[in-house]
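Proteins get letters first, then strands, A, B, ... in listed order; numbering begins at 1 in each. Remember, it's a predicted structure, so these values are computed and weren't measured experimentally.
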Amino acid sequence: MMDHWTSQRVLELAPDAASATAGRSQANVTKWTSLGHDDVALWGEVQGSGKRPYQVRVDLREPAFKCSCPSRKFPCKHSLGILLLWADRRQEFAAGPPPDWVAEWLASREQRARDKQQKAASGVAKPVDVVAQAKRSAKREANVRAGVEQLRVWLTDLARQGFAWAQSQPNAYWATAAARMVDFQAPGLARRVRELGDSTASGAGWQQLLLSRMARLHLALEGYSRLDALPSSTRDDLRAYVGWTTTRDALAEQPIETGVWTVAGVSVEQEDQLTVQRTWLVRHSDGRPALLLDFAAPGQTLTQVLACGSTFPASLTYYPGSEPLRAALQSRDESVPPAPWPAHRDLAQAFGRFAAAVTAHPWQERWPMSLDHMRLLPPDEQRPVWRLADRQSHQIALASGKLLWQLLSVSGGHEFLAFGEWDGSAFDLHGAWIENAYYSVSRFANPPSLVRSA
Amino acid sequence: MNNDSPFASWMALANAGVLGANRLSRLADGKGPWRAALPPVEDRAVAYLHEAAALDAYRRAGEEPLANEATPAPPFRGDERVCSPLAAMHLEQALVFSLPALLKQWCDAARRADVVAPPERIPGLLTRATSTADEEFRQSLLAAAGQRGRWLAQFNADWRLAGNAEISPAQRREAWETGSEAERLQALRRWRLHDPSESRDAVASQWASDPAGQRATFLSEFATALSPEDEPFLESCLDDRSKQVRRTAAELLSAIPDSQLGARLAQRVGTWLFGGPPEDRVSKRLANLDLQLPEKLSPADLRDSLELKAMDGMGPMAALVLRLASLAPLDSWTTKGSTAVELAAAAAKCDWANALTLGWSTAAVRQRRLDWSEALLSETWLPMHASLDESMAKRQSEHVAALLAAFPQDKAQRLAESALQSEVGAATTSLGDAVLYACDFPWGASLSQTATQCLQTRLAHTDATYDHSLRNLLTWTSTRIDPRLADVIERAWSLSQDHWSDNLAAQVSSTLAIVRLRREMADEFRTTAQF
């Protein structure tokens with residue numbers, strides 16, 4: 001636990017590339033007036049631009065950070081700096097009992113963890129005006145249904161006019177339709193409308209892309225208009241599609257899934273104005289995946305930071321649906337060494353599972369897959385794309401990137417276990433188990449780079 | 001639309017959709033299984049969308065992976081030792097600093113310790129090996145990439161082209177005969193290393209058809225493995241149409257001992273310098289280095305690459321003297337008994353001082369004459385540097401560097417140090433820079449100490465921030481200075497910081513970081529090599 005910190009792993013925790021650079025600049029021993037450690041934590045005082053040095057504390061178990069500097073970034077550059085020093089120059093840290101300002105923090109963390117566990121166990125919720133809430137829900141439901149109806153008409157009209165007509169429409173056509181959906185309290189539909197508009201400008205084959213998106217939207221709208229006749233899990237899928245969020249209470253009612261989970265992949269994307277961090281966890285016992293989503297508005301930073309390859313016992317609750325993927329982390333324990341998990345033995349098996357998933361939930365965009373016994377094939381004259389091939393002589397195309405050369409180098413052409421997302425045409429690789437080490441795609445290196453995490 | 005395959009139906013739907021469901025005369029009444037559950041509707045657009053929705057889901061669920069016909073290449077099997085995790089981290093840091101010299105040091109140290117780079121870093125090393133022109137650096141990178149790197153390179157056209165994978169003589173010949181200019185140059189370069197005479201024949205065979213620029217480029221490759229066997233071909237190049245080719249040929253010939261060109265030039269030196277008259281006039285001429293230059297040059301003179309043409313701020317006569325001095329065998333100047341030292345001292349006082357000094361400096365390097373190099377450094381360049389005129393001062397760094405670089409490291413360091421000692425008190429110095437740049441090898445403790453002090457003086461100067469040559473020197477120093485002195489350097493340089501700009505401070509700090517990194521690198525390789 002103490003020993004697997006490398007500078008690469010530390011830098012992966014940075015919220016953005018600028019922070020990673022700033023963190024490196026703080027990893028200079030001459031700036032730190034004191035550095036100490038014990039079995040679970042690090043601490044130090046660093047000279048900043050203010051009069052008094054900033055006090056930095058790190059709990060190595062998660063890791064968790066606390067710094068007295070005024071920065072709103074998390075972890076701040078001082079936290080990254082001290083952790084980098086721990087990775088490179090451990091000898092500079094004096095071993096010993098923590099000073100008061102560190103011990104207090106550790107104690108309060110432990111207290112908070114105990115409180116949270118207690119609260120989860122006893123199920124105490126804050127009192128809420130149930131009647132008012134029900135009224136609001138009903139009102140929104142009526143609104144959303146009206147929006148769905150309107151969108152059905154709009155979509156049918158679009159099909160009537162044709163794709164060529166659609167492509168010739170100005171931006172305002174799509175933007176107005178999307179804005180209307182927001183007014184109807186259906187942000188999910190607004191997003192789909194915007195995606196329809198984007199598909200007209202997507203280059204070669206745009207007609208098929210537009211058609212498939214229209215098809216799926218149509219299916220959802222038809223489904224929503226007869227919501228009550230559908231099975232409850234499909235109702236959950238459609239409500240999520242349209243943009244209903246699951247409340248914390250509803251989430252708390254979901255069964256708790258426990259186990260030892262490994263962080264198999266982390267990626268950060270931009271969705272309109274929002275920054276979205278997608279963290280994939282995979283359970284060791286059965287290879288079940290879970291997706292944690294964190295959002296940050298422009299100007300904010302993401303709050304949850306999990307390093308790829310880190311493994312820990314945890315309790316999750318899945319958001320309701322017919323093929324649950326998105327989950328929330330309820331509690332977790334100290335990290336343990338990572339290990340590979342059960343995966344599909346070949347592509348046919350994986351595609352079979354995908355078929356079942358798409359049948360139950362036709363609005364899947366990206367499906368996580370763990371594929372065992374895969375070999376990486378570089379582009380050649382016959383097929384100028386990267387592919388993964390299984391033992392049964394099947395293959396799938398990979399979403400390309402320079403890091404595939406690194407993967408080919410590390411795997412040496414041998415078989416490995418791959419984890420990534422399949423979108424119907426390409427496999428987006430997030431990580432791979434090669435010879436008892438987990439390699440993952442780093443978040444910031446540009447072009448993306450492979451990092452050995454364990 | 002009778003075709004029932006899902007794909008064909010899908011494409012048909014997409015095509016139909018372009019014009020719009022309005023225009024559909026009738027929808028297909030095909031028999032695809034996805035239609036089974038579709039409710040009948042009147043509105044054509046709605047029917048179209050129903051069909052699309054069902055078919056989309058049907059196709060996605062029915063998707064199958066492609067068949068893979070090809071057999072994959074044999075996987076890598078090797079037994080090389082990978083460096084320790086700490087050494088791997090040092091490599092990452094070296095890559096971040098992005099200094100070829102630093103990266104080369106890691107690679108060379110790894111090779112000495114008989115370990116290779118971690119696999120995920122190998123593509124980065126191969127890419128750098130492809131894009132560098134420095135052959136030694138390339139070999140270091142390839143050694144660090146190891147057997148796995150050679151295995152990996154076979155899959156990438158760029159890495160293969162740069163010759164990272166082994167190429168056979170047949171491939172080399174093919175690249176020479178049919179490749180682009182860059183490919184032919186690469187092929188010739190490797191060829192010259194392996195088989196100089198065969199490569200010479202290859203160049204000769206294409207000579208007539210290659211354009212002048214290419215001929216000159218190829219000819220310069222003859223500098224590698226130059227030998228008396230190249231003389232006949234080079235002699236014939238003196239008749240070439242292109243001036244650049246003739247010049248290059250003459251320069252190469254001057255580096256071959258006992259060449260015919262050398263003999264011809266030696267004769268001219270004899271005639272123009274000594275004339276042939278009685279002893280006393282000779283010694284007087286010698287003392288003044290009084291050259292009797294012809295008014296006009298004969299065709300033979302022109303063929304031997306001598307010119308009466310003003311160049312580089314020198315008049316035609318001076319330019320001619322310079323040319324002669326740079327090409328003629330150095331022994332031809334000492335035939336009447338004087339030594340290199342005496343001649344160098346005499347030259348400093350005569351009319352042709354600059355031309356002779358510059359010409360002899362070039363010749364000393366080309367002809368690998370350490371006696372002349374030492375004479376020129378100690379008699380002319382170093383003691384006189386304070387009083388060099390502008391045209392010489394500009395060239396001082398280049399020539400001092402070239403002369404010093406020819407010496408074995410010990411001697412070069414001693415010469416450099418004595419040059420620097422006189423600089424320690426000076427605020428700015430280009431000579432100091434020149435001698436340090438000439439020492440392109442790891443510095444010993446003594447030179448490192450001297451260099452530290454020189455830099456300290458410069459950093460302490462109030463104008464340090466505006467001293468741009470200082471920045472380059474810091475970068476250079478970071479990769480050559482003895483890393484064991486890291487602590488000493490840190491203390492020496494952090495004494496005066498207030499007048500530094502942020503950029504300068506950052507650079508000094510980066511220099512110190514590089515020196516510390518080099519020390520840690522060396523320590524780590526030493527420790528792991530013990531096992």
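- For CD of E149(A), the number of neighbouring non-hydrogen atoms (other residues, nucleotides, ligands) closer than 6.0 Å is greater than 12.
- Residues R77(B) and H414(A) meet the side-chain proximity criterion, which asks for heavy atoms closer than 4.5 Å.
- Of all heavy-atom pairs spanning W405(A) and F155(B), the tightest one is CH2-O, 3.4 Å.
- Note on R59(B), H90(B), M89(B): by heavy-atom pairs under 4.5 Å with chain A, the leading option is M89(B).
- Contacts with chain B were tallied for A350(A), A357(A), P378(A); P378(A) has the most, counting heavy-atom pairs under 4.5 Å.
- In this structure, H394(A) and A67(B) approach most closely via the heavy-atom pair CD2-CA, 4.1 Å.
- The distance from the CG atom of L19(B) to the CH2 atom of W165(A) is 14.5 Å, given to the nearest 0.5 Å.
- When the candidates E520(B), Q93(B), E92(B) are compared by the number of heavy-atom contacts under 4.5 Å with chain A, E92(B) comes out ahead.
- Side chain of R148(B) to main chain of V410(A): a donor-acceptor pair is present (N/O by atom type, distance under 3.5 Å, no hydrogens or angles).
- Heavy-atom distances place both the backbone and the side chain of L155(A) under 4.5 Å from chain B.
- Both the backbone and the side chain of Q208(A) come within contact range of chain B, judged by heavy atoms closer than 4.5 Å.
- Between the side chain of S409(A) and the main chain of P119(B), a donor-acceptor pair closer than 3.5 Å is present.
- In this structure, the side chains of D43(B) and R160(A) come closer than 4.5 Å at one or more pairs of heavy atoms.
- For L66(B), the parts sitting under 4.5 Å from any heavy atom of chain A are the backbone and the side chain alike.
- A pairwise comparison of heavy atoms in P65(B) and A348(A) identifies CG-N, 4.4 Å as the closest pair.
- For R24(A), the part lying near chain B is the side chain, with the backbone staying farther off; criterion is any non-hydrogen pair under 4.5 Å.
- Between the side chain of R375(A) and the backbone N or O of P75(B) there is no donor-acceptor pair closer than 3.5 Å.
- Ranked by heavy-atom pairs shorter than 4.5 Å toward chain A, the options H50(B), M11(B), E64(B) are led by H50(B).
- The residue among A73(B), A14(B), G17(B), P74(B) with the most heavy atom pairs within less than 4.5 Å of chain A is G17(B).
- Taking all atoms of both residues into account, the shortest heavy-atom contact from Q207(A) to V18(B) is CG-CG2, 3.9 Å.
- For L408(A), the parts sitting under 4.5 Å from any heavy atom of chain B are the backbone and the side chain alike.
- Using a 4.5 Å cut-off between heavy atoms, Q167(A) makes no contact with chain B at all.
- No donor-acceptor pair under 3.5 Å is formed between the side chain of R60(B) and the backbone N or O of G424(A).
- Counting heavy-atom pairs closer than 4.5 Å to chain B, the top residue among G412(A), S411(A), G413(A) is G412(A).
- When all heavy atoms are compared, the tightest approach of R216(A) to D56(B) is NE-OD2, 3.0 Å.
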Would you check, one step at a time, whether the test side chain to side chain contact (heavy atoms under 4.5 Å, CB included) holds for L211(A) with Y48(B)?
-> CA-CA 10 Å; L211(A) 178 59; Y48(B) 176 84; 3.6 Å; yes
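- Each of L219(A), T156(A), L347(A), L403(A) has some count of heavy-atom pairs under 4.5 Å with chain B, and the biggest count is that of T156(A).
- A pairwise comparison of heavy atoms in L450(A) and R121(B) identifies O-NH2, 3.7 Å as the closest pair.
- Between E63(B) atom CD and F354(A) atom CZ the span is 6.5 Å, to the nearest 0.5 Å.
- Ranking G149(B), P123(B), A54(B) against chain A, the residue ahead of the rest is P123(B), based on heavy-atom pairs under 4.5 Å.
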